[in-house]
Student: 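To start, I am sharing the structure in question, which I have written as structure tokens.
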Amino acid sequence: GEDDRKMVTRAVSARGLDAPSVIPFSGGVRDADLEGVSPIGHRDTEEWLDSVRRLSKDLQEFAASEQETSPLARTP
């Protein structure tokens, strides 16, 4: 819940790192799983799906920035 998110954000920030993206609990995702269907487009999953998309975007941006600064990415 919200208290867990705050605890993780504080712990990560105290170590000088950016707070991670948060994927919230979703009863709609649980229901979709129990029904054996995709959560995409299932009822009550919009917030969850938006969070997954944000995390995906954050990871892609992080990977791109790491690739630009990695010594392995430089060609001789």
Side-chain angles (χ1 to χ4, degrees):
E2 186 64 20
D3 290 338
D4 293 333
R5 186 189 64 74
K6 288 178 182 177
M7 180 191 63
V8 170
T9 299
R10 274 195 306 272
V12 169
S13 296
R15 289 167 177 76
L17 302 170
D18 291 333
S21 296
V22 175
I23 306 296
F25 171 80
S26 170
V29 172
R30 180 200 56 223
D31 293 345
D33 184 48
L34 291 172
E35 294 169 20
V37 299
S38 172
I40 298 172
H42 197 272
R43 66 188 174 280
D44 300 324
T45 60
E46 294 82 13
E47 180 184 2
W48 174 83
L49 188 54
D50 288 344
S51 297
V52 170
R53 287 181 178 136
R54 271 193 306 279
L55 176 59
S56 175
K57 181 178 176 263
D58 291 347
L59 290 172
Q60 289 173 15
E61 289 173 358
F62 174 77
S65 70
E66 285 294 305
Q67 189 173 30
E68 291 172 4
T69 60
S70 170
L72 298 175
R74 297 188 187 115
T75 55

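Computation of the quantities below employed the complete heavy-atom set of this structure, encompassing side-chain atoms and omitting hydrogens, waters and symmetry-equivalent molecules.
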Student: Donor-acceptor check, side chain of Ser26 to backbone of Asp44, threshold 3.5 angstrom: yes or no?
Tutor: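 Yes; at least one donor-acceptor contact below 3.5 Å.
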
Student: Using a strict 4.0 Å threshold on nitrogen-to-oxygen distance, state whether Arg43 and Glu35 make a salt bridge.
Tutor: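 Judged by the 4.0 Å cut-off on N to carboxylate O distance, Arg43 and Glu35 do form a salt bridge.
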
Student: As a quick check of understanding, evaluate side-chain contact (heavy atoms from CB on, under 4.5 Å) for Thr45 and Ile40, giving each step before the final call.
Tutor: CA-CA 7 Å; Thr45 60; Ile40 298 172; over 6 Å; no

Student: Looking at every heavy atom in both Val29 and Pro39, which two are closest together, and how far apart are they?
Tutor: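 Taking Val29 first and Pro39 second, the nearest heavy atoms are CG2-CB, 4.0 Å.
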
Student: Can you list the steps and then say if Arg54 with Ser51 is a side-chain contact (heavy atoms from CB on, under 4.5 Å)?
Tutor: CA-CA 5 Å; Arg54 271 193 306 279; Ser51 297; 3.2 Å; yes

Student: Heavy atoms only: give me the nearest Gly28-His42 pair and the separation to one decimal.
Tutor: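 What the structure gives for the nearest pair is O-ND1, 3.5 Å.
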
Student: Hey, quick one: are Val37 and Leu49 part of the same hydrophobic cluster, counting side-chain heavy atoms closer than 4.5 Å, chains of contacts allowed?
Tutor: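 Each belongs to a different hydrophobic cluster.
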
Student: Stepwise, does the side chain to side chain donor-acceptor pair (under 3.5 Å) test hold for Arg53 with Ser56?
Tutor: CA-CA 5 Å; Arg53 287 181 178 136; Ser56 175; over 6 Å; no

Student: Just verifying a value: how many Å separate Gln60 CD and Asp58 CG, rounded to the nearest 0.5 Å?
Tutor: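 If we round to the nearest 0.5 Å, Gln60:CD and Asp58:CG are 9.5 Å apart.
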
Student: May I ask whether Leu59 and Trp48 are part of the same hydrophobic cluster, defined by side-chain heavy atoms of I, L, V, M, F, W, Y residues being less than 4.5 angstrom apart, directly or through others?
Tutor: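 Yes.
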
